[in-house]
Amino acid sequence: MKRSFSLVDVLLVLAFCGHIAWTVKASSECKQALSREIRPHSVAITEFGAVGDGVTLNTKAFQNAIFYLNSFSDKGGAKLFVPAGRWLTGSFDLISHLTLWLDKDAVILGSDNPDDWPVVDPLPSYGRGVELPGGRHRSLIYGRNLTDVIITGDNGTIDGQGSVWWNWFKRKTLDYTRPHLVELMNSTGVVISNLTFLNSPFWTIHPVYCSHVIVQNVTILAPPDSPNTDGINPDSSNDVCIEDCYISTGDDLIAIKSGWDEYGISFARPSTNIIIRRLIGHNRNGSGIAIGSEMSGGVSEVYAENLYFFYSSTAITIKTARGRGGYVRNIYILNVTLVGVDTAIRFDSTFSPHPDDFYDPNALPVIERITIKDVIGNNIKVAGLLKGIEGDTFHHVCLLNIALTVTSGSPWNCSYIQGYSAMVSPETCEPLKESIYPNHSSDCYHLSNHLRSSVGILILAISQAQQQPHHQ
């Protein structure tokens, strides 16, 4: 006797899929543990003459305090306490085995004088400043070649006062690339947590050439029209965990990068093992999660789940171009909720600013094994704009269990894309219509054997049942 499958049956399968997604998640917990060690030595910034009136420049006080605390780096480390007040400062360096702790009513303010943000060399994986040839202004809070660094507090605030920089950028009066709010280079064992970051001049939190990084319980805010104020940008870094964050900025909330064209290819430091969980946010000019466009050193093993993006330009983006080289592979994104998003999924292969004329136009990026599953969305303009490169098809793109309410008459636009799908509404584009199950599940990154067998059998059963006549 053949069974007729009802809407209730389909909903039960969807519920089963959701249960399995949590099973997969459980095996992907961040392996780093937040350090709770109490530093044996602690000083307050006021002990070095700092004045928290929002007017007095305290750069020397921060520099002197950290110089003093450096003597304790081999004695269990030290803590620099920033009490309630508004502490104006220029750029200052951190040291290893340091905790920078902000009281809940403490605000570190970035100076609006560019001379207080020294110019440093460009990153070797970029070859020049991102915005202008030559050097770049150093971040407000900066460190390099460090171990065991914690920037935290009781939800204190770090405010870059970036409006002056945004105006200079819009007027094209800058001499060098704008500074980040926090940048750590070549460092390991980094924790940034329990703080609010406001008004970065450029990207907000930028770990570059780093490993074992946690960014946890932070709020990042900048006006929607502030240019390129990305939230968190892991760059040529590995073993990065970002979780429980709220971000609302003028550009990408999280952008994973790994160097620019020939410089990124030569430097060859990929971003890998990136975990993103429980991210909420919105923007009008960027993406919720972006990979690229500077991805020439490679990006792989990215796991993102439990994402909520609302009233945003784009939810998930891979940005690349001819001349980038590198690769983006083994990306797994699941449990995504969207409201009022212009484009749910976008692959942009024309994002083509280059650092100079010496890039190789024949250096084509490899984009493969991208799995996106368990996505729901309301008031979505376009489900997907997926554009590969002629002669460089993006392979093994897999879409599973996606349900979007789309206002556009053309929900999908695809070219030079190859992959598979199952349970996608509205119906996906022709290059992705071949079903994941039962023959192509091994081509889809991170679909476990349990997930493939259990869900695959049910989807196949529904498909077969729908082809049979219904009996009263």
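Residue indices begin at 1 and follow the sequence shown.
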> Is it the case that the side chain of K257 and the backbone of G292 share a donor-acceptor pair, with hydrogens and angles ignored and the cut-off at 3.5 Å?
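Yes, because the side chain of K257 sits within donor-acceptor range (under 3.5 Å) of the backbone of G292.
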
> Are the side chain of S96 and the backbone of T147 linked by a donor-acceptor contact shorter than 3.5 Å?
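Yes; judged by distance alone, with no hydrogens or angles, the pair exists.
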
> For F347, enumerate each residue passing the ring pair (Phe, Tyr, Trp, His ring centres under 6.0 Å) test, keeping only those at least two apart in sequence or located in another chain.
none

> Could you tell me whether a side-chain N or O of T317 sits under 3.5 Å from a main-chain N or O of A290, the two making a donor and an acceptor?
no

> I'd like to check the side chain to side chain donor-acceptor pair (under 3.5 Å) partners of S408; sequence neighbours left out, ordered by chain and number.
none

> For R324, is there an ion pair with D261 - N to carboxylate O distance below 4.0 angstrom?
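Yes, D261 and R324 are salt-bridged.
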
> Cut-off 3.5 Å, side chains only: do S248 and H282 have a donor facing an acceptor?
yes

> For residues 378-389, which side-chain N or O atoms pair as donor and acceptor with protein atoms under 3.5 Å away, sequence neighbours left out?
residue, atom, partner, partner atom, Å
N378, OD1, T405, OG1, 3.4

> Do any pairs count as a salt bridge (Lys or Arg N to Asp or Glu O under 4.0 Å) and have a residue in residues 194-214, sequence neighbours left out, and if so which ones?
none

> Any donor-acceptor pair under 3.5 Å linking the side-chain atoms of D244 with those of Q216?
no

> Please list, chain by chain and in numerical order, all residues satisfying salt bridge (Lys or Arg N to Asp or Glu O under 4.0 Å) with D230, sequence neighbours excluded.
none

> Checking side-chain polar atoms at under 3.5 Å, does S193 have a donor or acceptor matched by the opposite partner on T152?
yes

> Backbone N or O of L109 within a donor-acceptor pair of the D159 side chain at under 3.5 Å?
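It does not hold such a pair.
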
> With sequence neighbours excluded, tell me which residues meet ring pair (Phe, Tyr, Trp, His ring centres under 6.0 Å) with H354.
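H354 satisfies ring pair (Phe, Tyr, Trp, His ring centres under 6.0 Å) with Y359 only.
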
> Taking atom types as modelled, is there a side-chain donor on D148 or H97 under 3.5 Å from an acceptor on the other?
yes

> Do the side chains of R284 and D342 get close enough for a salt bridge, i.e. N-O under 4.0 angstrom?
yes

